[in-house]
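Scroll down for the structure; my scribbles are underneath it.
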There are 2 protein chains.
Amino acid sequence: MNRDSDVKENEKQTIKMPALARQRLGNQVADVLRAQILLGQLKPGDVIPERETSAALGVSRTPLREALLVLEAEGLIEMSPSKSPVVANPSLLELTEMLLVQSALEALAGEIACSKATQSDIEAIEEIHNRMVATAQDADPITFFQIDMSFHEAVVAASKNEALIKTHNRFHVRLWRARFLTAGKVATREVSVADHASIVKGLRARDEQKVSGSMRDHLRKVIDNVTAMYAQQKT
Amino acid sequence: MNRDSDVKENEKQTIKMPALARQRLGNQVADVLRAQILLGQLKPGDVIPERETSAALGVSRTPLREALLVLEAEGLIEMSPSKSPVVANPSLLELTEMLLVQSALEALAGEIACSKATQSDIEAIEEIHNRMVATAQDADPITFFQIDMSFHEAVVAASKNEALIKTHNRFHVRLWRARFLTAGKVATREVSVADHASIVKGLRARDEQKVSGSMRDHLRKVIDNVTAMYAQQKT
DNA sequence: CTATAATATTTGGTATACCATATAAAATAT
DNA sequence: ATATTTTATATGGTATACCAAATATTATAG
């Protein structure tokens with residue numbers, strides 16, 4: 001490859017793309033902490049002392065604090081004066097409230113997706129569904145759960161509504177742990193698969209009513225599952 | 001007044017209530033800036049330089065910055081590296097997307113409110129509606145608009161769903177300016193009043209279907225109003 | 001006078017220093 | 001030995017100092 005010719009070709013642009021490079025340190029730290037919370041490495045009730053954590057991550061307290069504020073706004077942690085931030089531990093009431101909102105959001109997403117999704121969007125959703133069907137019997141809980149979640153993400157993304165996608169993701173993250181803990185039961189898997197099949201069918205037919213209703217009902221079943229788990233946990 | 005007796009009476013409690021006192025400075029600053037944005041004292045496109053603004057508010061850059069991060073998370077301002085934060089100026093597309101989400105949220109709120117609202121909640125909503133009817137003909141745009149908005153807030157609050165209330169408020173704030181600019185037309189007032197009347201009627205009957213549908217349709221009309229305003233503005 | 005390069009200045013981003021308060025520990029009086 | 005007061009320490013909250021990059025300004029070469 002000729003170096004000189006390359007230089008000549010590029011002489012006017014000087015690469016000119018910072019593009020996806022620069023991001024605030026605080027956001028990167030927030031991503032790390034958020035991932036740790038979702039992966040269960042940071043469990044509800046765990047504290048996140050500022051000095052200790054910032055030192056562990058090799059940053060100063062300023063961006064660490066910035067990250068904590070982001071996570072607080074997302075509802076993943078709780079901060080109170082003179083106390084170390086603590087990973088949020090949503091009550092059953094809070095979870096059901098959030099799931100109700102999520103059901104409305106996903107219902108809307110399904111409705112919009114019927115008109116806004118491209119054919120390849122729907123095919124991609126179908127592909128996720130097929131993978132879920134294939135792994136319903138034997139896959140480990142984590143894998144199955146992640147496929148399940150990606151299905152919902154894909155439908156919401158197909159709505160092409162940024163505000164909706166962002167708001168949905170907000171609850172998605174906060175509900176992650178509780179949904180994971182309840183998704184383990186293989187018994188509920190078949191129901192989920194059936195619900196998803198109905199949603200896919202509706203999307204192919206671009207039947208707004210059907211998809212919207214299916215999404216909504218599907219999510220409301222999750223409320224029952226979570227409630228059941230909490231009741232069982234008390235025992 | 002006898003000092004000693006006072007001391008004796010208070011000896012056990014020492015006032016003991018910090019209660020509603022302490023809040024982070026950053027949040028207070030965020031409240032101030034948010035209010036300025038909502039009141040139009042800070043318009044879309046206006047910049048908020050950190051040093052200048054923090055000096056004006058009499059705080060250091062740290063809490064000011066904390067406030068900016070909050071407002072950025074709320075979507076009220078936009079921050080980019082090496083540039084002063086700027087008050088967000090949502091496009092028509094963004095506004096319609098947010099209004100669609102808001103319509104779903106308010107529909108859900110109306111539905112839930114039918115079962116969760118107390119009788120006095122409904123009476124309070126009715127009272128707001130009556131005030132709106134009374135001032136529909138002559139009140140200045142600001143007053144009418146504020147009553148209109150408080151009606152929606154009251155219905156959502158009646159759902160008693162914290163996640164819903166918070167999420168709704170998020171969009172409520174971001175949509176505030178655009179809705180205010182479109183709410184001026186007296187022509188649209190009558191339609192709004194009629195819609196609200198239908199909602200109140202449904203709430204009294206605790207008819208979930210009706211209230212939910214009315215809320216949703218009412219909000220979707222706002223999309224048309226906003227779209228019309230943008231089209232007219234181009235002219 | 002114009003174009004270009006060097007420099008000064010302003011910006012947000014980050015690190016550090018300091019402060020107030022809440023909590024834990026220790027000392028002392030009962 | 002216990003209860004109470006005092007003191008030490010650790011925590012988050014805030015202010016300041018410093019840095020890098022982007023931009024505006026000025027000087028200089030053409």
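Chain A is the first sequence line, chain B the second, and so forth, proteins listed ahead of strands; every chain is numbered from 1. In what follows, every heavy atom counts, from backbone to side chain, and hydrogens, waters and symmetry copies are set aside.
- The interatomic distance linking A/Leu68 (CG) with C/dT14 (P) rounds to 15 Å, in whole Å.
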Show me the side-chain donor-acceptor pairs of residues 42-49 of chain A shorter than 3.5 Å, one per line, residues at least two apart or across chains.
| unit_1 | atom_1 | unit_2 | atom_2 | d |
| --- | --- | --- | --- | --- |
| A/Lys43 | NZ | A/Gly40 | O | 3.0 |
| A/Asp46 | OD2 | A/Lys43 | N | 2.9 |

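- Atoms CG (B/Asn27) and P (D/dG12) sit 17 Å apart, rounded to a whole Å.
- For the pair A/Leu64 CG and D/dG12 C1', the interatomic distance rounds to 12 Å; values are reported in whole Å.
- Using a distance-only test at 3.5 Å, with no hydrogens or angles considered, a donor-acceptor pair links the side chain of B/Ser159 to the main chain of B/Val156.
- An OP1 or OP2 oxygen of C/dT14 is reached within less than 4.0 angstrom by no side-chain nitrogen or oxygen of A/Thr62.
- Partners of B/His168 according to the ring-ring contact (aromatic ring centres under 6.0 Å, His included) rule, which considers only residues two or more places apart in sequence or in another chain, are B/His172.
- Between the side chain of A/Asp121 and the main chain of A/Thr118, a donor-acceptor pair closer than 3.5 Å is present.
- Between the CE atom of A/Met79 and the C1' atom of D/dT11 there is a distance of 11 Å, rounded to whole Å.
- Between the CZ atom of A/Arg61 and the P atom of D/dT16 there is a distance of 16 Å, rounded to whole Å.
- As rounded to whole Å, 17 Å separates atom P of C/dT21 from atom CZ of B/Arg24.
- Nearest-nucleotide mapping onto DNA chain C: of B/Ile48 and A/Gly58, the residue sitting toward the 5' end is B/Ile48.
- Here the P atom of nucleotide D/dG12 and the CD atom of B/Gln23 are 18 Å apart, to the nearest Å.
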Pair A/Phe145, A/Trp176 - check ring pair (Phe, Tyr, Trp, His ring centres under 6.0 Å), show working. CA-CA 10 Å; A/Phe145 178 69; A/Trp176 192 272; 5.1 Å; yes

Pairs under 3.5 angstrom, nitrogen or oxygen only, protein versus nucleotides 8-11 of chain C, please.
| unit_1 | atom_1 | unit_2 | atom_2 | d |
| --- | --- | --- | --- | --- |
| C/dT11 | O3' | B/Ser84 | OG | 2.9 |

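- A/Ser80 places no side-chain N or O within donor-acceptor distance of the main-chain N or O of A/Lys83, the cut-off being under 3.5 Å.
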